[in-house]
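Data block below; observations after.
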Amino acid sequence: MNSPLDAAVAAALEGRDRAGLLRRRTAWRPTGPVTVERDGREFVNFASNNYLGFTHHPRLLAALRTAVNVGSGAAGLISGHSAVHATAEQAIAEWKSCEAAILLPSGYQANLAVVQTLGAIANNGIEKGGVRFLIDKLAHASLLDAVRLGGHAFRIFPHNGLAKLERLLADAPKEQLQVILTESIFSMDGDAGDLVGLAELKRRHPFVLVVDEAHGSGIYGRHGAGLIDELGVREAVDVTVITLSKALGLAGAAVCGSAGFIQSVENFGRAYIYSTAVPPLTAELATEAVAVCREEPQHRHRVRMLAKRVRGELAAVGLIKFTDQSADSPIIPIVLGEPARALAAAESLRDEGLLVVAVRPPTVPPGTSRLRVTVSAAHTDEQIKQLIAALSLVPSPGTPGEG
Ligand SMILES: Cc1ncc(COP(=O)(O)O)c(C=O)c1O
């Protein structure tokens with residue numbers, strides 16, 4: 001007889017399946033920075049965040065081989081923090097032009113730690129009115145989850161909707177700390193946060209600005225420091241979150257900010273405090289990945305050039321709107337509408353030996369299921385041509401679909 005859990009599991013999964021939203025992992029075997037294999041067939045990978053090809057960079061593979069110990073053995077405040085971690089945190093802070101940085105096991109956890117820290121500070125008597133988070137509608141799930149889990153007051157503002165944001169700020173009680181949560185490059189849309197507009201807004205209203213630079217780091221700015229650096233708005237940003245898992249080709253994350261804020265994360269960021277410190281191996285690789293980013297600009301130049309080329313070609317066949325001629329982030333969404341349509345398009349690309357994922361609700365809003373194409377500096381010109389040829393056969397969003 002089915003246990004109550006089995007029955008609940010079956011009902012939940014059936015519901016997802018009926019809506020065309022059931023998810024399933026595939027066990028791929030990576031065969032290079034942009035190729036994966038399954039059942040003897042190789043696919044070109046346009047579905048990874050390995051924007052610079054660093055997962056297979058020779059310098060990082062060499063650093064991997066000389067590692068002394070694998071795990072850190074304890075949380076950072078116990079004995080897990082080491083000189084190797086301190087070196088990596090300093091390298092990241094200098095790269096980001098911040099006073100300090102702190103490593104965490106994932107970007108999800110880093111965002112949780114930032115929100116926990118801000119919540120604790122605001123409720124600690126420094127700001128008597130508590131805190132309210134103002135979240136861009138398209139901000140990553142980890143930011144929203146962090147705020148909801150903490151039970152904090154929050155408002156979601158329209159994507160890059162600065163007029164609405166200004167009204168919310170103008171009406172906010174003086175003693176309540178206002179915190180804006182946004183991204184530099186949005187993970188599912190590949191467009192940029194209006195960081196210049198936010199910097200201007202900050203001249204008129206007091207607020208804390210937190211920017212998740214998961215997808216801008218390594219691609220933009222001097223030495224790949226990120227979009228904040230490229231736009232010259234560093235002074236307006238209080239806290240930056242970076243992941244090591246995207247352009248840097250590793251896993252893990254860092255929170256960057258003032259020395260005082262980073263010390264606050266050590267004291268109030270429960271997601272940091274109660275979790276084992278990242279492996280020293282990760283820290284060592286992070287130091288090396290930042291050094292490679294500084295010393296080898298050719299990777300970010302190439303990925304931006306390829307991203308711009310792909311956008312131009314897809315706009316020419318009506319698959320995307322390409323209004324901003326400078327748009328060159330590696331994330332290129334092709335919005336197709338209903339889940340079945342995105343799944344069918346992904347399947348037809350798979351038949352051509354190309355791996356592109358269909359992203360469906362709840363990751364993206366209903367009616368905006370899409371192909372999320374990501375390009376990498378490691379893609380060859382030939383692979384890019386293959387992608388464009390195959391995508392040109394996908395019915396454009398205006399064509400009636402199967403719903
Ligand atoms: C914008 C953004 N923030 C945070 C994360 C979470 O990072 P991680 O995968 O390291 O948990 C991701 C993606 O995974 C992301 O796209």
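One-based numbering, in listed order, for ligands and for the atoms of each.
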Flag if over 12 foreign heavy atoms under 6.0 Å of CD, Q298: yes

Sort out the contact shell of ligand 1: every protein residue with a heavy-atom distance below 4.0 Å, listed by chain and number. S106, G107, Y108, N111, H140, S142, E183, S187, D212, A214, H215, T243, S245, K246

Check L195, L198, V211 against V237 for a side chain to side chain contact (heavy atoms under 4.5 Å, CB included) and give me the one that passes. V211

With sequence neighbours left out, the residues meeting ring-ring contact (aromatic ring centres under 6.0 Å, His included) with H56 are none

Presence of salt bridge, K385 and E313, under 4.0 angstrom: no

Listed pairs under 3.5 Å, donor-acceptor, residues 262-281 side chains, sequence neighbours left out:
from : atom 1 : to   : atom 2 : distance (Å)
S264 : OG     : G260 : O      : 2.9
N267 : ND2    : Q263 : O      : 2.8
S275 : OG     : Q109 : NE2    : 3.0

Which side-chain N or O atoms in residues 38-46 pair as donor and acceptor under 3.5 Å with protein atoms at least two apart or in another chain?
from : atom 1 : to   : atom 2 : distance (Å)
R41  : NH2    : D351 : O      : 3.0
E42  : OE2    : T31  : OG1    : 2.7
N45  : OD1    : A47  : N      : 2.8

